[in-house]
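Notes for the one structure printed next.
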Amino acid sequence: MAGIAENIAADAAAAVVESLADRAMQELHYLCCYNRYVEDFEYQKEHLKAKRETIRKDIKEAQERNENLIESEVQLWLNRADALINEDTNEKNKWFGLVPNCWWQHNRGKNLEDKKQKIKALIENCNFTCVARSTGHPGIELYSIQNFLQLKDRKLQFEELAEALKNDKKFVIGLHGLGGTGKTTMAIEVGKQVAESKAFDKVVFSVVSKDANLKKIQGKIAKQLNLPLKEETDESERAQELWKRIAGGGEKVLLILDDVWEKLSLQAIGIPLGHHGKSCSMLLTTRDWKVCKDMGCHETIELEVLNEQDAVDLFLSYVGQSIDDSSNDFKNVALDIVKECGRLPVAIVAMARALNSRPLIEWMHGLERLRNSQSIHDVNEDLKEAYNSLRLSYDYLKNEEARKIFLLCSLFPEDYEIPIELLTRIAIGMGLCGGADKYSRARSYFTPIINVLMDSCLLLKAENRAVKMHDLVREVALWIGNELVQAIMDPNKMPKENIQYSSWNTNEFPSHFDGRKLEVLLLRTSTVDFPDGIFEGMENLKFLALNWSGYDMSRDPLFQSHPSLTNVRSLAIKGFELGDTSFLVKLKCLKSLELNDCSMIELSKEIRELEMLRLLEIVHCSIKRNNSLEVIGSCLQLEELYFAVNYICDHTCEAPAQISTFPKLKRFHIKRRIGYTVDFSVSGYFDAKELRENFSNEIFKFLATRAEVLKLGGEYSNRGWTNVVPDILPVKDDKMEDILIWLCLESMNGIKCLICTERLRSGVALFSKLVKLKLTKMDVRELCCGPYPVNFLKQLEKLRLFECNNLEGSLFDGRLELCNLKSIYLFHCSMAGLFHPFTAQSLKQLEKLHVDYCCGLKYIVTQPTEDDDPNQKSHDSMFPKLKSLYVSYCPELEFIFPIYFCKDLPLLESMEIVYCEKLEYIFGRYSDERDLHQMGKEAILQSLEKLKISGGPNFINLYTECYLPCPDSDKVQKSSPSINVEDSTSSLSRGRLCCFWPKSNASTIHLPSTSMNHNKAMMVKYVVDRAHGPFTPPFYPYTLLRRMEIYGFSGFKYLFTLSIASSLKLLEILAVGSCDTLEHIVRDKQDDYDHMNVNSIFPNLQEVEVYDCNDLEYLFPAFYSKDFKDLESLSIRGVEKLTHVFGKCQADRNHNVHIDLNLPALKRLSLRRIPNIVSICAQNYSIKELYLEDISLDRSPQFPSETLIEAIPPLEGKGKPLYDLQELPEFKKPKSYMRFQNLSTLTIKGCKQLKFIFSASTSRTLQKLRKLEVKACEELVSIIEDQENNKNSMAPHQVLFPELRTIQVGDCKSMEYLFSISSSKLRRLLYVDIEDTPQLGEVFRWKPGVGQKLVMEDVLPRLHIIRLVNLPTLHTICQGIDFHTLKFRRVRECPAISLSPAYDRYEEVRNFIRDDEDASYLEEEIWRWECEAQRERLEAFREGYTEHKQNRSLPNLSEIEVRGITTRYWKCLNNAPTE
């Protein structure tokens, strides 16, 4: 035994010694072989540099596609790569500068070996599927040319153009010059500058082109204005929408219209220029100065060709030569070249790109070719040099395939954005991508072809993965390919024969056409007589695109005679009736087949016989028999399938057969639902939510695992799956093809979690690339069952959860990095919390948080648990980019965020909290926290622009109790009962959240000892009390707040202190409602503790709305409201105790002088249901000039005036001080007056003591009044006071109310007539509606003997519609005028008048008012009229029907129609037969 023990010990010792020896040798190796470690590191570093350069190029290409947001993992990779590449290995460390430092050399070698391994790991993990993403819809920056070279010759014109655009008196600026001079570039860069300088709020760019398409222009403009326009609406309706958006959007818009060829109707497009509030200016570019003149340009600027020096500089900058360092030989040749290019920028750039990095000898050869070029005919003399230089750029293309693609691009219309996907398919169809058998390999061959053309500037990049041609380059391409290419844009032009590439936009076809040489044909037509025979003899045709451009689908089946198109490799058909598709089987060479917006009986089963078919696209098609995917399943040769948004007409109830075979697709889009456009940047899109096809589980999982976008539900809801991973997306050998970027699940009740990791080893990456996640009506209990996998949801940007009512605990209950999440929308979900504090702090990109109807939600940020590591490092802040917060109907929520993070919302712009019953604070404390937070002096919510708190019966304050920064303690203690000054020897603990507090702040604040009397540390304790208002303390003014809405508060006497009200300098909109205890909006005394000297409040206020605040005495203290210079709208309703809008406050005790209030911008005044209001202003106050446009008075009986003019300030110095209806003899009349010239709408309701609305003199000033409505005014005698001896009587037929369109009067018990028209005319009155006015004897009074005989055409020339209901004493409308000529008359319960009703159906009336611009807004009133008439018809019919039923005889439908009852109403009657 002893021997055995000795052997074991010896072996163990030997092993230890060997291990130690190996370790020692390794350590010695770092020292002795130091140079080899340096060499190895440098070798690997070169590989890393190459990889970094590749990724940078990928990023640059993405940025040119407006994908500017670099993926976080890519940025992290680049940062790490940069750090390793910047490692300097030349550094030496020697003792005394002589002997190598062995210790340093050993550590350095070891360090380099470690970094070499890191380089290898980086190289292995650099295969990113996506390097950057779009940042949203692009603006003018999309069109901006990077590194725009401001040439000396252009600077003056650039500045001149910029200054012209900033001139408010110049709304239309023209920029004209030859094609290719850089007009578009100049316009774009100027637009970019004025946008950056905020001279314009929005800059919109749209290309017009020679064949201007108004609908396309409108769509382009609307898209950049974020205005949705329905495609089916006509141009006039779209123009109206655009006009409203631009004129009423509150933004100053610059519209750049590029490449205008002839005069455009701006009104037809929907462009309001500066005459409408300076809301829009326009810059147009054109080749023709006459266009500038025709468009009424206020200033025109000509862009000429470059001078010689600038032309040379431009050439050298693009050719790869330094402007300053180039030799004279190069510069001399460059000068000659630019001269030959006509000093035209577009030609110079193209020529420079062709000669880029070439030796001087090749420059000279190029110059010689330019000089010896053939003479050019039929070209503008000024453009001949440009044509020659662009031709030479084309000749320099070494890639023959690139030359062909260049010529092919000229087939498309001018400025057309050509999808790269379309060019790819054309190239593959033509065989330009080699003899690749695989479609995916052929795609890879096309990429360098298109890059050659873009690098040479012969093609330009456009948005949405497209390219375009400069219009001059396109003209040159057509000129170069004159014998090969023909683009017919004129429908009346006939096609040429013996050409290779052609595009036809025509309805006229030749009886005979020789197309033997034709290889590409793009045909667009709307003729119903499409001749099949036109394709006869086109044996060489390889790509054929047929596009029906009519309003409806072509009715005649295409290819009825089965033409011989045997060599066609790519066929694209759009908008045709195909009928039987078996003709496709004859196209044996077909590689790609596209069917869009077509109709067919079925997809022929014989299509499987097309052995070369690799791509099949069927989108937006109508298919009568539902076997398409089953047929496709047998086409095993397919590589790409796009089957989306097709309408299947087969309504049989038979369950579809299971699809058990399917091609091994490389790219696919499979979707049934509407509203989808194929995004070719996504390689796999699988939406199974509405698929009726029954895929086997094997095929289903094949498609699901290869999809980048996966949407599940519907027929695939109940297959026994309990999770997505691994049940649907399997994990094999602890690996999964993690390519999913968008996941959408709906009504899959069996799914309990997205991922179950309980049986997976750690380190597996799942959903690491997911960008969008949407769950609807799911029974999931949690997102992940088990530990979170590696990088779980790390790339997630959008999260949407709808009606997930089984979620338990916290949504993210562990430590999770969600560093890319931008928006969260939660609706009807059951979780109790959202984020663990660590996860909340990782949300560095979160911009929008929307939580709605989450009835169980208690915390947005959950309370840390005891298990959380207090030493865990934290991030610096929470939600640093949050801009919008919306929380509604969360009754268990007591506060929104922990108060510890109140300063961590630097970018929050909008906060809306709606109906959260238990909510007490925005920033609160957890229930078991004892210590108060110490507030700093940092600004809180400094970016907040909109604040809405509604339905908060328990709301107390924005902040819970806390310690404030210490001001002068003596004054504070005396001034405010809510603030206590304390000294303390204790520490302020941050409680259990200390581990998540920013590192810059200590977790505990230690206060000095109380023995230090002179430097005693004082803390101001803020005690929350509702009596002091919800927005105290005033130490954190909300300086950017523009909109505030407060509804449903309880227990508050006031909302703002004077200091806070005065600090809201940008507040524009204030709305307050249903605050039952509110007495004042602003407390009417100064706040002593913050030493603010307040002179005015809300200096930028524009709109005020107050309703249902019964204890409110007045809106604002008049003393502090002297200058509401921007107030436009004032609306008050349902405020019982209100006596004044602007009332007296404590500051008035020291003043006894008359003060004017300034309301110059007030346009709309609405006072409704205010029974105790006696005046707008309190005693000693009145209002300066008013220019009201809309007045509404409703049930305000304390206005004791006889005319409305006495209820508001005096006009022309006549009458009392009308904003104070009391007798005030000691005050002088105000110096300024009420002006009615802008009044357009007047509504008066419930003013019982009002006898007249206007005096005769006042009525003549109402030049813009369009609508007058008077209801329930019991004492009202007439609208205009009739002055018998008026010295200023009107001349015969003088115009009265020149813009008045409608008059509506109802329930006016004392009214005898509206007004007299004996000596005036109502030239635009269209509609009169009077009801329930028992004393009305006549509508318009006419006095015999005054004026001449009245004629309808003279007095009421446009009156078409009149409605008279329940007017028992009415005997005439207007004496002397026959009203039987009115087409639309509704007369009911008017026994004293002999006027019969006459009207057509609602549709006819509606057509009339739609045709009349002035009457267009009456549609709602006419609809109400029609409903009333229809009810009467139904009542009459019921009576007749009952009678018929008793007699057992029923009327037939024709009899019903005669009575005026439509079949629809007839069938809706109870027990009425339907046949």
Side-chain angles (χ1 to χ4, degrees), residues 215-216 219 231-232 411-413 416-426 428-429 439 464-466 503-505 520-528 530 535 543-559 565 568-581 583-584 587 590-604 607 610 613-626 628-629 631-632 635 638 640-649 665 667-682 685 687:
K215 203 166 186 179
K216 183 179 177 181
E231 189 63 31
E232 61 271 15
L411 293 176
F412 296 92
Y416 184 79
E417 295 183 356
I418 313 167
I420 292 178
E421 176 67 21
L422 175 57
L423 288 178
T424 303
R425 296 184 186 183
I426 294 176
I428 294 175
Y439 211 85
N464 299 325
R465 297 175 65 85
S503 63
W504 301 350
N505 181 12
V520 175
L521 176 59
L522 312 179
L523 194 155
R524 179 182 175 90
T525 184
S526 60
T527 181
V528 294
F530 185 78
F535 301 113
F543 183 92
L544 174 61
L546 304 176
N547 190 339
W548 170 262
S549 58
Y551 290 106
D552 297 315
M553 185 179 296
S554 173
R555 297 302 178 188
D556 295 328
L558 190 64
F559 300 141
L565 297 172
V568 169
R569 300 176 186 176
S570 295
L571 177 62
I573 305 175
K574 182 175 182 180
F576 280 87
E577 170 68 50
L578 300 180
D580 183 5
T581 58
F583 70 90
L584 295 170
L587 308 180
L590 206 59
K591 284 189 175 183
S592 69
L593 173 62
E594 305 169 36
L595 305 177
N596 282 269
D597 296 305
C598 293
S599 176
M600 66 188 82
I601 298 173
E602 64 178 356
L603 185 63
S604 175
I607 198 173
L610 297 175
L613 188 64
R614 297 292 182 267
L615 183 150
L616 177 61
E617 178 178 321
I618 304 177
V619 176
H620 289 288
C621 288
S622 175
I623 307 172
K624 295 182 180 179
R625 297 176 189 169
N626 185 20
S628 301
L629 282 176
V631 172
I632 292 169
C635 299
L638 282 178
E640 299 187 15
L641 172 65
Y642 305 92
F643 187 87
V645 201
N646 297 304
Y647 175 67
I648 310 299
C649 305
L665 299 170
R667 298 172 62 88
F668 58 88
H669 283 238
I670 300 175
K671 178 183 173 64
R672 172 66 67 87
R673 288 186 175 182
I674 62 174
Y676 173 72
T677 302
V678 176
D679 180 2
F680 292 104
S681 66
V682 176
Y685 189 112
D687 185 350

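Below, all heavy atoms of this structure are taken into account, side chains as well, without hydrogens, waters or symmetry copies.
- In this structure the side chain of L613 reaches within 4.5 angstrom of the side chain of L593, judged on heavy atoms.
- Atom CD of E640 sits about 5.5 Å away from atom CZ of R667, to the nearest 0.5 Å.
- Taking both residues in full, the closest heavy atoms of R465 and S681 are given as CD-CB, 3.8 Å, listed atom of the first, atom of the second, then distance.
- Residues passing the ring pair (Phe, Tyr, Trp, His ring centres under 6.0 Å) test with F643: none are found, sequence neighbours excluded.
- Two residues are said to be in side-chain contact when any heavy atoms from C-beta on lie closer than 4.5 Å; L522 and F412 meet this criterion.
- In this structure, L546 and F535 have side chains that are in contact, with non-hydrogen atoms separated by less than 4.5 Å.
- Of all heavy-atom pairs spanning S570 and S592, the tightest one is OG-OG, 2.9 Å.
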Taking it one step at a time, do W504 and L521 satisfy side-chain contact (heavy atoms from CB on, under 4.5 Å)? CA-CA 8 Å; W504 301 350; L521 176 59; 3.7 Å; yes
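- Across all their heavy atoms, R425 and Y439 have their closest contact at CG-OH, 3.7 Å.
- Remark: Y642 engages H669, F680 in a ring pair (Phe, Tyr, Trp, His ring centres under 6.0 Å) (not counting sequence neighbours).
- Not a single salt bridge (charged side-chain N to carboxylate O under 4.0 Å, His left out) links R569 to another residue, sequence neighbours left out.
- With values rounded to the nearest 0.5 angstrom, L610 atom CG is found 9.0 Å from S604 atom OG.
- Remark: L578 CG to C598 SG distance equals 4.5 Å, nearest 0.5 Å.
- Looking at every heavy atom in both residues, I623 comes nearest to E602 through CG2-CA, 4.0 Å.
- Between the CD atom of E421 and the CG atom of D679 there is a distance of 10.5 Å, given to the nearest 0.5 Å.
- Among all heavy-atom pairs drawn from C621 and L595, the shortest one is SG-O, 3.3 Å.
- Residues C635 and I607 form a side-chain contact, since some pair of their non-hydrogen atoms from C-beta on lies under 4.5 Å apart.
- Between the side chain of N646 and the backbone N or O of S622 there is no donor-acceptor pair closer than 3.5 Å.
- M600 approaches I618 most closely through the heavy-atom pair CE-CG2, 4.5 Å.
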Can I428 and L615 be said to form a side-chain contact (heavy atoms from CB on, under 4.5 Å), step by step? CA-CA 11 Å; I428 294 175; L615 183 150; over 6 Å; no
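- Looking only at side-chain heavy atoms (C-beta outward), D687 and R672 stay at 4.5 Å or farther from each other.
- Atom CD1 of I573 sits about 6.5 Å away from atom CG of L584, to the nearest 0.5 Å.
- Between I601 and T581 there is no side-chain heavy-atom pair separated by less than 4.5 Å.
- Rounded to the nearest 0.5 Å, atoms CD1 (I418) and CG (L411) are 8.5 Å apart.
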